[in-house]
Visitor: 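What follows is a single structure, and I will ask about it in a moment.
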2 protein chains.
Amino acid sequence: MIEDLWVSILGSVAAALVTGSFVPQVIRGYRTKSLNDVSYWLMITICVGLCLWIVYGIIKQDWVIIGANISTIALNVILLGLKIKYSK
Amino acid sequence: MIEDLWVSILGSVAAALVTGSFVPQVIRGYRTKSLNDVSYWLMITICVGLCLWIVYGIIKQDWVIIGANISTIALNVILLGLKIKYSK
């Protein structure tokens, strides 16, 4: 039981870091108003992949995987919006 | 048994898409020789998170999670190398 708790905490920290890694990218894009070097395909493909991870997490009833991927999708949708807004 | 197979296939496709999403970003950076808009913190933080996902996958003995995160780290290390190489 205790082990399961530790594994869930580990997964949550891993998820928070991967999700959180997009925050500085969104902030940088927002501050510099420039996201030219960021590839559209990075954001689009990652969102499709993250949707499948959510389905995977639902089937496995793994809330760590579900929660992480929903938040990462949200950040990538924001990033995509900023990229479209600032694209020359 | 069949369900497990489908869930593994789903996870593998999800993983391939998330990992694969960094390929166009690496190609774009390599072609344009410009990665200024890509945040260092995106790459560094995501690598730390992906390392924890690998530990999570090892504990859960989930080869889909392990394999996906090893390849995504490799791509992010390449991206980081290109960013350093091209940084003005």
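Numbered from 1 within each chain, the chains take letters A, B, ... in sequence-line order. What you see is a predicted model, and the numbers here were worked out from it, not measured in a lab.
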Visitor: Could you check which of A:Val7, A:Val64, A:Leu42, A:Ile27 has the highest count of heavy-atom pairs closer than 4.5 Å to chain B?
Guide: A:Leu42
Visitor: If you count heavy-atom pairs under 4.5 Å between each of B:Thr19, B:Thr72, B:Asn69, B:Leu10 and chain A, which one has the most?
Guide: B:Leu10
Visitor: Roughly how far, to the nearest 0.5 Å, is the OG atom of A:Ser21 from the CD1 atom of B:Ile44?
Guide: 11.0 Å
Visitor: Please round to the nearest 0.5 Å and tell me the distance separating atom NZ of A:Lys60 and atom CG of B:Asp4.
Guide: 7.0 Å
Visitor: Of all heavy-atom pairs between B:Asp37 and A:Gln25, which one has the smallest distance, and what is that distance?
Guide: O-NE2, 2.8 Å
Visitor: State, yes or no, whether a side-chain contact exists between A:Leu50 and B:Val18 at a heavy-atom distance under 4.5 Å.
Guide: yes
Visitor: Contact part of A:Ala15 toward chain B, heavy-atom cut-off under 4.5 Å: side chain, backbone, both or neither?
Guide: both
Visitor: Please list, one pair per line, the donor and acceptor atoms closer than 3.5 Å that link side chains of residues 52-59 of chain A to other protein atoms, with sequence neighbours excluded.
Guide:
{"from": "A:Tyr56", "atom 1": "OH", "to": "B:Asp62", "atom 2": "OD1", "distance (Å)": "3.4"}
{"from": "A:Tyr56", "atom 1": "OH", "to": "B:Asp62", "atom 2": "OD2", "distance (Å)": "2.5"}

Visitor: Select, from A:Gly49, A:Ala16, A:Ser8, A:Ala14, the one with the greatest count of heavy-atom pairs under 4.5 Å involving chain B.
Guide: A:Ala14
Visitor: Once you round to the nearest 0.5 Å, how far does CG of B:Asn36 lie from OG1 of A:Thr32?
Guide: 9.5 Å
Visitor: After noting the C-alpha distance and the side-chain angles of A:Phe22 and B:Ile46, does the key distance pass the side-chain contact (heavy atoms from CB on, under 4.5 Å) rule?
Guide: CA-CA 8 Å; A:Phe22 284 94; B:Ile46 213 167; 4.0 Å; yes
